[in-house]
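Note that the numbering runs from 1 along the sequence shown for the chain. This one's a predicted model, so the numbers in the text were calculated from it and none came from an experiment. Both backbone and side-chain heavy atoms feed into the values below; hydrogens, waters and symmetry mates do not.
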Amino acid sequence: MKDLKLAIAGCGSFGSEMAAFLRNLPPYQIVAVCDVEEAHARRVGEELGVRWFTSFENCLVESDSSAVAIFTPNSLHCQMAVQAAQAGKHIFCEKPMAIDVEECYRMIEAATAAGVRLMVGHKRRLRPQYRKMAEIAGSGRFGRILTANINGFFLREVQGWWRRRAEGGGLLQVSGVHDIDFLRSICGEAASVYARTPVKTDHRTDFEDAISAMIQFDSGVSATLEVCPFSPLYTFRQSFGVHIVLERGAILYDPCAMSVRAQGWNEPLETYEFDNEAGFREAFTAEFSSFAAWVLEGKEPVLTAWEGLRCVEIMEAANLSAYSGHEVQLPLPRTAARQSYFHQPSRRPLKGEPELWARGFSMAEGPAFDRAGNLYVANCRSDYVSKISPDRQIEHFVSTGGKTQGVAIHPDGSIYISDHALRKIFHATPDGQLSTFRDCYADGTPLQGPNEIAFGPNGLLYFTDPGDGWRGNPIAALAMVDTGGNVQLLADGLEFSNGIEFSPDGSTIYVVESAANRVLHAPLRSDGTLARPLVEFVRFDGRIGPDGLRCAANGELYVTLWGHGEIAVIAPEGKIVDRIQLPGQYPTNAIFLGTDLLVCEAQTAAIWKLPLDVQGIPSYAQRVWQSSGPQVTT
């Protein structure tokens, strides 16, 4: 076999490791390396004694390589593979193949048009322990596979460009793509994916903190994959154990013991042990040797680009499922997969798709604007309030030491913050000086744990006080701070009181009773108290959903439905007239920004802007500012 002249693109930690490996693997002859970081390219080039480049285009043109190996950030794989194909170079691309299915198709089409080979590096199925599992499962000794589970709970801080979804792709791309490929290798093609992710609280990355995915295969097998990098009980190498159950037996891979166990009904236990480091070398040798034989001799490869595409497809489907709430059928459309699942079921025409407005919150709640147009949000999975400037710069405003729930702003610029854990309402000056405002009712009874907070149209401060109230424990309350500064109980016996809003004319208060799955309302007297008890305004079917709400100038209420990924639109007479889907399943609260609605969403740790073309009503402070002089329009 003649030499295969190879250029290496990407000289970071993994690219450097692969360069050192390939320099000693026949029939490879490394003739050039490339990296946008000159120091990386120079270091690896000098170590290998070959030309180095900082321009991939120059590397393709000026080196005499016949193939390239791409070890760059995932977001660059597509454009670099297309460039290489157009230059007539064969392509080895490290997994994951690309960011989405559309990019994968572009890579395959470019390689096909140029008549070059394209392989994606999914080595895990080639490691000895995985080959052994596949051999046993495929032998028929224990019957057909019924189900499989891979558990990827470990502790590792994600580093560098992997932290950003736009460059890395997300959690499954970081840790899970190899396992998806292995499941495909033993179960066949996937038919559908159903996935869930939790509320996001870690902001070192901009993607999900954990994911649980169920994959249904065409063969009838169902498999589950769970990934979370926050468990200190296992390292990455100790995690991703595999359990396969067949009709008459089971196979178990224990990464801690580096062993595969298999046992059939009424049969003795079989145990196979492996050398992990030797297994890595064997897998890398298998895939790169196969690529060389494919390019130089036309031999059938162990992996092709289609394996890479199908893995990307499953990961993209898992993200679509997790953030849309739907089971996603495969194969995905080549383009516009997002639009297929993040459709807008709204009956009214919207001006565009939801736009990411700000990101990096711990379950943002209770948004409120100040006179300068800064938006304040409570991070209710934490103890602090964030301040977002009009140009969307986010800063830590103040910490309470407990669990912040809501924010309200007075015309004088004072900021009032409810803290559920400390059972207090705090007062903060615009420069962040914090003090306790109220912690008990007028009769001395302590607050139970205040939640949402808002100034009414009369300038009085209202708040919900649910404490530990929930379904079957109706102790939650609605309260008001009267003109004398005393906290008055307006209503109690509620099952977790939550969001508060007022009608455009200020005559009615709306209160969310989350655990009862409904919104209540009552007319207000001139002194701010309830003219009649709260009664049901609208009820939602299904699991608990309503959280926050905002009123538009036309009298419509926009209610966030936690766990449903929707905004419900309620007509003034209390009828549900529309539902608007969001990119995420856990919207908490909302606020109007002109004719757009800003929605706090916990699964994505973000605030999304919905272009509704509906005018919101100004808060009490905004009306005061409007009557007293110029201000920033919100």
Taking side chain as C-beta onward, heavy atoms only, is T588 less than 4.5 Å from W562?
yes
Output, in order, the C-alpha distance, side-chain angles, deciding distance and verdict of side chain to side chain donor-acceptor pair (under 3.5 Å) for N498 and S514.
CA-CA 6 Å; N498 205 332; S514 290; 3.0 Å; yes
How close do L494 and A477 get, counting heavy atoms only, and between which atoms?
CD1-C, 4.4 Å
Going through the checks in order, is the salt bridge (charged side-chain N to carboxylate O under 4.0 Å, His left out) test met by R124 and D179?
CA-CA 8 Å; R124 182 158 296 182; D179 307 280; 2.7 Å; yes
Which of V120, D181, L172 passes side-chain contact (heavy atoms from CB on, under 4.5 Å) with C311? Answer is D181
Tell me yes or no: between the side chains of H203 and S362, is some donor less than 3.5 Å from an acceptor?
yes
On a heavy-atom basis, which atom in R165 and which in D206 lie closest, and how many Å separate them?
N-OD1, 2.7 Å
Report the relative orientation of the aromatic rings in Y105 and W306; use parallel for angles under 30°, tilted for 30 to 60°, perpendicular for over 60°.
perpendicular
Set out, in order, the CA-CA distance, both residues' side-chain angles and the distance that settles side-chain contact (heavy atoms from CB on, under 4.5 Å) for E167 and W162, then state yes or no.
CA-CA 7 Å; E167 293 176 74; W162 283 103; over 6 Å; no
ring-ring contact (aromatic ring centres under 6.0 Å, His included) test vs F154 passes for just one of Y234, F230, F236, namely F236
Is a salt bridge present between R310 and E313, judged by a nitrogen-to-oxygen distance below 4.0 Å?
yes
Only one of Q329, H326, E327 clears side chain to side chain donor-acceptor pair (under 3.5 Å) with S192; which?
E327
Taking the side chain as every heavy atom from C-beta outward, state whether E355 and P611 have any pair of such atoms under 4.5 Å apart.
no
Nearest non-hydrogen partners of D209 and P229, listed with the distance
O-CD, 3.3 Å
Between N589 and E452: side-chain donor-acceptor atoms closer than 3.5 Å
yes
Side-chain donor/acceptor of D465 to backbone N/O of L478, under 3.5 Å:
no
Whether the side chain of T404 engages the backbone of Y384 through a donor-acceptor N/O pair (distance < 3.5 Å, no angle test) should be reported.
yes
Strictly by modelled atom types, are K200 and T205 linked by a side-chain donor-acceptor pair under 3.5 Å?
yes
Could you tell me whether the side chain of V177 reaches within less than 4.5 Å of the side chain of H122, counting heavy atoms only?
yes
Decide yes or no for L582 and L610: does some side-chain heavy atom of the first lie under 4.5 Å from some side-chain heavy atom of the second?
yes
Which heavy atom of F369 sits nearest to which heavy atom of Q622, and what is that distance?
CB-NE2, 3.9 Å
Side-chain H-bond candidate by donor/acceptor type, S324 with Q581, under 3.5 Å
no
Test item: N379 side-chain N/O and S382 main-chain N/O as donor-acceptor pair under 3.5 Å:
no
As a test of understanding, state which of N151, T147, N149 forms a side chain to side chain donor-acceptor pair (under 3.5 Å) with T224.
N149
For side-chain contact (heavy atoms from CB on, under 4.5 Å), just list the numbers for F592 and I617, CA-CA rounded to whole Å, side-chain angles, deciding distance to a tenth of an Å, and then say yes or no.
CA-CA 8 Å; F592 274 98; I617 58 173; over 6 Å; no
Backbone N/O of F397 and side chain of E395: donor-acceptor pair under 3.5 Å:
no
Show the nearest heavy-atom pair for residues P390 and G373, with the distance to one decimal.
CG-O, 3.7 Å
List the steps and the verdict of side chain to side chain donor-acceptor pair (under 3.5 Å) for E365 and N451.
CA-CA 9 Å; E365 275 271 26; N451 189 359; 5.9 Å; no
Quick one: does I417's side chain get under 4.5 Å of V398's, heavy atoms only?
yes
Keeping the roles fixed (side chain from E501, backbone from I509), state whether a donor-acceptor pair exists under 3.5 Å.
no
SB check E189 R184 (cutoff 4.0 Å):
yes
Quick one: do E513 and R539 make a salt bridge, cutoff under 4.0 Å?
no
Under 3.5 Å: donor-acceptor pair, side chain of N74, backbone of G168:
yes
Compare all side-chain heavy atoms of L598 with those of L375 and state whether any distance is below 4.5 angstrom.
yes
Which of F502, F455, Y510 passes ring-ring contact (aromatic ring centres under 6.0 Å, His included) with Y462? Answer is F502
Residue D505 excluded, over 12 heavy atoms near CG under 6.0 Å
yes
Stepwise side-chain contact (heavy atoms from CB on, under 4.5 Å) check, I570 with V577:
CA-CA 6 Å; I570 316 300; V577 295; over 6 Å; no
Backbone of I211 reached by a side-chain donor or acceptor of E208 within 3.5 Å:
no
Under 4.0 Å between a Lys/Arg side-chain N and an Asp/Glu carboxylate O for R204 and E157?
yes
Side chain proximity check, T464 to V511, heavy atoms < 4.5 angstrom:
yes
Minimal heavy-atom distance between G308 and M97, with the atoms involved, is C-SD, 3.7 Å
Given 3.5 Å as the limit, does a donor-acceptor pair link the side chain of S321 with the main chain of A318, or not?
no
If you define the side chain from C-beta out and look only at heavy atoms, does anything of P450 sit under 4.5 Å from D419?
no
Do NZ/NE/NH1/NH2 and the carboxylate oxygens of E495 and R471 come within less than 4.0 Å?
no
